[in-house]
Asker: 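Let me give you the structure first, and then I'll get to my questions.
Quick caveat, the model's predicted, so the values are computed rather than measured. Just the heavy atoms: all of them, side chains too, but no hydrogens, waters or symmetry mates, feed the values below.
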Amino acid sequence: SRYSPDGRILPPDDSLNLKTKEWGTRWQRDHDLIPQIIDQLHLLFTQAKQELQQLDPITASQVDTHSKHLANNRAKSTDGFSTPEVKQLPPPAQEDLANLLNLFERSLAFPLPLLLNLVALLGKPPPSQEDRPITITSPIYSLWSKIRRHLVQDWANSTAGWWDDAVKGSSSLQAGLLRRLGEETAYLLDLSHIGLYWDMEKFYDNISLLHLLQQANNLSYPKLPLALSFQLHVAPRILAAQGGVSQPVIVYNSIIAGCTYSSEFTRITLHHILSCHNRQFPTAPTRQFFDDLSQAFTGLEHSIQQEAILSASTLVSKLRAIRLVISKKSQVVATHLSTAQNISQKLKHKVTLKAATTVRDLGLEATAGARRSTTIQTKRIDKAHGRTKRLQILGKFSKKASKLFATNLVPVATYGASAQGFSPAQTNKLRKIAGAAALIPGAAHDLTATIHITFGPAKDPAISIPIQQLKDWLA
């Protein structure tokens with residue numbers, strides 16, 4: 001925050017010092033676990049050396065192939081390298097870089113400049129005064145992680161839990177569609193439904209590194225990628241905010257969001273807990289989408305209410321045992337609001353769980369199947385309408401700006417339409433947005449002709465939205 005505890009506006013230096021202290025306190029929670037973490041690292045490095053002997057060395061051809069997939073818009077990291085520099089290396093330099101990466105693997109260590117993380121603190125939208133940490137990693141590290149990614153991908157494909165909705169080939173929309181289908185089916189069968197939606201407070205920052213190492217070993221996670229990538233997550237971090245940078249902050253817990261392997265680390269962190277919990281409560285499994293956890297209970301109201309209370313209490317205890325923090329934003333919805341309120345009341349001694357009629361889950365609105373809410377969908381259309389005005393300003397400089405209708409405005413406005421539906425009034429509003437985005441004077445007089453001439457019939461919302469809904473459900 002730019003404000004002191006007593007509400008005074010702080011100068012940039014004082015503000016940055018305050019942020020450094022705040023994040024340092026959060027990232028140094030597990031200082032008491034350092035001896036156990038070191039013991040785990042000794043075991044890990046021994047296993048990584050053995051695994052390395054079975055791997056082929058990195059080649060210049062791999063450097064050339066994988067460097068092409070590095071994002072061009074990455075900011076420059078603390079090691080001074082930029083992505084374009086890595087992507088434009090001539091063949092002899094690619095050979096040298098491959099030799100360097102092999103040296104890093106044989107040494108089981110990256111040079112310190114590659115490990116020093118620059119963490120940009122971006123303010124969240126008002127009214128929140130919190131920051132969102134975005135880690136800028138070295139493009140050299142990112143290249144190595146992409147080259148060795150196949151080792152982790154093979155592990156993920158064989159180890160992913162059946163409760164995990166973020167597996168390869170899936171999407172948040174598909175997972176959300178299936179959840180909404182289950183809710184509405186229960187309602188049509190005259191059954192009660194209860195949905196618990198758990199929000200983790202600063203999930204990445206609260207992950208226990210000791211728990212991560214122990215579970216990674218239990219799940220046979222590839223040792224070489226873990227030994228090298230783990231160094232990036234525990235390396236000192238420099239905070240960047242308001243035009244200044246902090247002194248390095250030492251880290252004893254948390255993982256960074258800018259690493260290729262971070263998503264697997266979230267799975268490892270929760271795998272054992274969810275595996276045990278779903279065996280204990282098989283009729284109402286807990287689903288996972290990275291750090292989003294949800295529980296669905298369907299049946300006779302009294303029996304599922306008791307099961308929901310017991311399951312929720314047990315899950316909270318297990319999550320807290322590994323030092324994760326349950327956010328006060330967690331919510332419960334039910335076919336009858338009184339049921340949700342009763343569950344919230346019964347669990348108040350254990351956890352804060354807000355009773356609600358509508359919950360945002362994977363970008364869709366969950367209502368326990370009793371009705372369909374259009375609040376978020378309406379906001380998305382309004383957001384697209386606001387972007388249209390900016391598009392028209394761009395159109396004064398380039399007619400190519402109209403292409404943003406299909407690539408930007410439509411995805412923003414229609415996400416979730418397959419689950420929530422898209423009314424004729426909403427379709428007409430989106431068609432008017434299309435007419436404005438066409439950048440043709442008088443387009444409103446004949447929307448159909450304008451849309452079909454500018455974007456083609458297939459891009460007409462009256463045609464494209466029903467087709468996309470069918471594709472989403474048949475995917």
Side-chain angles (χ1 to χ4, degrees), residues 149 152-186 193-201 203-204 207 212 215 219 221 255 257 260-298 308 311-312 314-316 318-319 322 324 326-327 329-333 358-369 372-373 376 411 414-420 468-469 471-475:
R149 173 69 184 167
V152 175
Q153 189 60 59
D154 293 343
W155 171 88
N157 292 340
S158 61
T159 313
W162 55 263
W163 57 84
D164 191 347
D165 292 324
V167 294
K168 185 177 181 180
S170 183
S171 68
S172 59
L173 178 60
Q174 289 178 320
L177 286 175
L178 291 176
R179 293 181 187 181
R180 304 295 82 77
L181 177 63
E183 296 165 6
E184 294 193 12
T185 301
H193 179 88
I194 297 171
L196 300 175
Y197 299 91
W198 300 105
D199 186 49
M200 300 292 129
E201 185 173 309
F203 179 68
Y204 276 39
I207 285 179
L212 174 63
Q215 294 305 312
L219 294 170
Y221 186 89
I255 63 173
T260 303
Y261 304 122
S262 291
S263 59
E264 273 71 37
F265 288 174
T266 64
R267 292 189 175 96
I268 292 171
T269 299
L270 295 172
H271 191 282
H272 179 69
I273 286 177
L274 296 183
S275 176
C276 294
H277 193 78
N278 286 333
R279 284 199 299 270
Q280 186 176 357
F281 298 92
T283 59
T286 301
R287 307 294 303 188
Q288 175 189 10
F289 196 90
F290 296 118
D291 61 328
D292 286 328
L293 300 181
S294 69
Q295 297 176 285
F297 304 84
T298 300
S311 178
T314 305
L315 180 63
V316 168
K318 291 175 180 177
L319 293 173
I322 60 170
L324 292 178
I326 312 295
S327 170
K329 298 177 183 177
S330 299
Q331 295 177 290
V332 53
V333 295
T358 302
V359 174
R360 186 164 181 167
D361 174 45
L362 301 181
L364 306 178
E365 291 183 276
T367 61
R372 289 184 182 177
S373 174
I376 293 179
T414 62
Y415 183 88
S418 300
Q420 313 296 154
Q468 187 59 49
Q469 288 174 324
K471 288 182 178 179
D472 289 339
W473 280 109
L474 296 176

Asker: Considering non-hydrogen atoms only, spot the tightest contact between T298 and A186 and give its length.
Answerer: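 Taking T298 first and A186 second, the nearest heavy atoms are CG2-CB, 3.4 Å.
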Asker: Got a second to check how far Q174's CD is from L362's CG, nearest 0.5 Å?
Answerer: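 CG of L362 is found 11.5 Å from CD of Q174.
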Asker: Could you tell me whether the side chain of W473 and the main chain of S418 form a donor-acceptor pair under 3.5 Å?
Answerer: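 Flag set: sc W473 to bb S418 pair under 3.5 Å.
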Asker: Can you confirm whether F290 sits close enough to M200 that some side-chain heavy atom of one is under 4.5 Å from a side-chain heavy atom of the other?
Answerer: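 No, too far: nothing below the 4.5 Å cut-off.
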Asker: Could you check whether Q331 and W198, counting side-chain N and O atoms only, form a donor-acceptor pair closer than 3.5 Å?
Answerer: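 The criterion, which ignores hydrogens and geometry beyond distance, is not satisfied for Q331 and W198.
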Asker: Can you tell me if W155 uses its side chain to pair, donor with acceptor, with the backbone of L219 under 3.5 Å?
Answerer: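 Side chain of W155 to backbone of L219: a pair is present.
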Asker: Do Y415 and S172 have side-chain N/O donor and acceptor atoms under 3.5 Å apart?
Answerer: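 Note: Y415 and S172 side chains meet the donor-acceptor criterion.
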Asker: To check you understand the geometry: which heavy-atom pair defines the closest contact between L319 and L270, and what is its length?
Answerer: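 In this case the closest contact between L319 and L270 is CD2-CD2, 3.8 Å.
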Asker: Any Lys/Arg nitrogen of D292 or R287 sitting under 4.0 Å from an Asp/Glu carboxylate oxygen of the other?
Answerer: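 No, no charged N to carboxylate O under 4.0 Å.
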Asker: Between I255 and S262, what is the shortest heavy-atom contact and its length?
Answerer: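 That would be CD1-O, 3.9 Å.
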Asker: Please tell me whether H277 and S311 have a donor and an acceptor in their side chains that are separated by less than 3.5 angstrom.
Answerer: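 S311 and H277 do have a side-chain donor-acceptor pair below 3.5 Å.
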Asker: Keeping N278 on the side-chain end and T286 on the backbone end, is there a donor-acceptor pair under 3.5 Å?
Answerer: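 Flag set: sc N278 to bb T286 pair under 3.5 Å.
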Asker: What's the separation between atom CD in Q280 and atom CG in L315, rounded to the nearest 0.5 Å?
Answerer: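 Rounded to the nearest 0.5 Å, the CD-CG separation comes to 10.0 Å.
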Asker: By ring pair (Phe, Tyr, Trp, His ring centres under 6.0 Å), which residues pair with H272, not counting sequence neighbours?
Answerer: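 Once residues adjacent in sequence are excluded, H272 has no partner under the ring pair (Phe, Tyr, Trp, His ring centres under 6.0 Å) criterion.
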Asker: If you round to the nearest 0.5 Å, how far is CD of Q215 from CD1 of I273?
Answerer: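 Taking CD1 in I273 and CD in Q215, the distance rounds to 8.0 Å.
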Asker: Does one side chain, of N157 or Q153, offer a donor that lies under 3.5 Å from an acceptor on the other?
Answerer: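 The criterion, which ignores hydrogens and geometry beyond distance, is satisfied for Q153 and N157.
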Asker: Given the rule in the side chain to side chain contact (heavy atoms under 4.5 Å, CB included) test, do V333 and Y197 qualify, once you have shown the distances and angles that lead to the verdict?
Answerer: CA-CA 8 Å; V333 295; Y197 299 91; 3.7 Å; yes
Asker: Less than 4.5 Å apart, any side-chain heavy atom of L177 and any of L181?
Answerer: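 Counting from C-beta outward, L177 and L181 never come under 4.5 Å.
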Asker: Mind checking whether D164 and F289 have side chains closer than 4.5 Å, heavy atoms only?
Answerer: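 They are not in side-chain contact.
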Asker: Dump the intermediate steps for side chain to side chain donor-acceptor pair (under 3.5 Å) on R179 and S294, then the final yes or no.
Answerer: CA-CA 10 Å; R179 293 181 187 181; S294 69; 3.2 Å; yes
Asker: Once you round to the nearest 0.5 Å, how far does CG of D291 lie from OG1 of T269?
Answerer: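 Nearest 0.5 Å value for the CG-OG1 distance: 10.5 Å.
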Asker: Using a 3.5 Å distance criterion without hydrogens, assess whether the side chain of Q469 forms a donor-acceptor pair with backbone atoms of A417.
Answerer: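 The answer is yes, because a donor-acceptor pair under 3.5 Å joins these two groups.
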Asker: Taking all atoms of both residues into account, what is the closest heavy-atom pair of E183 and T367, and its distance?
Answerer: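 Smallest interatomic distance, heavy atoms only, reads OE1-N, 3.9 Å.
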Asker: Is a side-chain donor-acceptor pair under 3.5 Å present for E365 with S373?
Answerer: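 On atom types as modelled, these side chains qualify, holding a pair under 3.5 Å.
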Asker: Starting at CH2 of W162, measure out to OG of S275 and round the result to the nearest 0.5 Å.
Answerer: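 With rounding to 0.5 Å, CH2 (W162) is 8.5 Å from OG (S275).
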Asker: With distance as the sole test, does S170 use its side chain to make a donor-acceptor pair with the main-chain N or O of D165 at under 3.5 Å?
Answerer: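 Indeed, once roles are kept as given, a pair shorter than 3.5 Å links the two residues.
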Asker: Any sub-3.5 Å donor-acceptor pair from S330's side-chain atoms to I326's backbone N or O?
Answerer: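 Between the backbone of I326 and the side chain of S330 there is no qualifying donor-acceptor contact (under 3.5 Å).
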Asker: Assess whether a salt bridge exists between R372 and E184, defined as any Lys/Arg side-chain N lying under 4.0 Å from an Asp/Glu carboxylate O.
Answerer: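 Yes, this pair counts.
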Asker: To the nearest 0.5 angstrom, please state how far the CD1 atom of I322 sits from the CD1 atom of I207.
Answerer: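 With rounding to 0.5 Å, CD1 (I322) is 8.0 Å from CD1 (I207).
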Asker: Which pair of non-hydrogen atoms, one from R149 and one from T260, has the smallest distance, and what is that distance?
Answerer: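 What the structure gives for the nearest pair is NH1-O, 3.5 Å.
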Asker: Write down the atom of A368, the atom of H193, and the distance for their closest heavy-atom approach.
Answerer: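 Closest approach of A368 to H193, heavy atoms only: CA-CD2, 3.8 Å.
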Asker: I'd like to know whether Y221 forms a side chain to side chain contact (heavy atoms under 4.5 Å, CB included) with Y261, so could you lay out the CA-CA distance, the side-chain angles of the two residues, the decisive distance to 0.1 Å, and finally the verdict.
Answerer: CA-CA 11 Å; Y221 186 89; Y261 304 122; 3.7 Å; yes
Asker: Are the side chains of L293 and L274 in contact, using a 4.5 Å heavy-atom criterion?
Answerer: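 Yes; the side chains approach each other to less than 4.5 Å.
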Asker: Test side chain to side chain contact (heavy atoms under 4.5 Å, CB included) on T266 and F203 and set out the steps.
Answerer: CA-CA 9 Å; T266 64; F203 179 68; 3.6 Å; yes
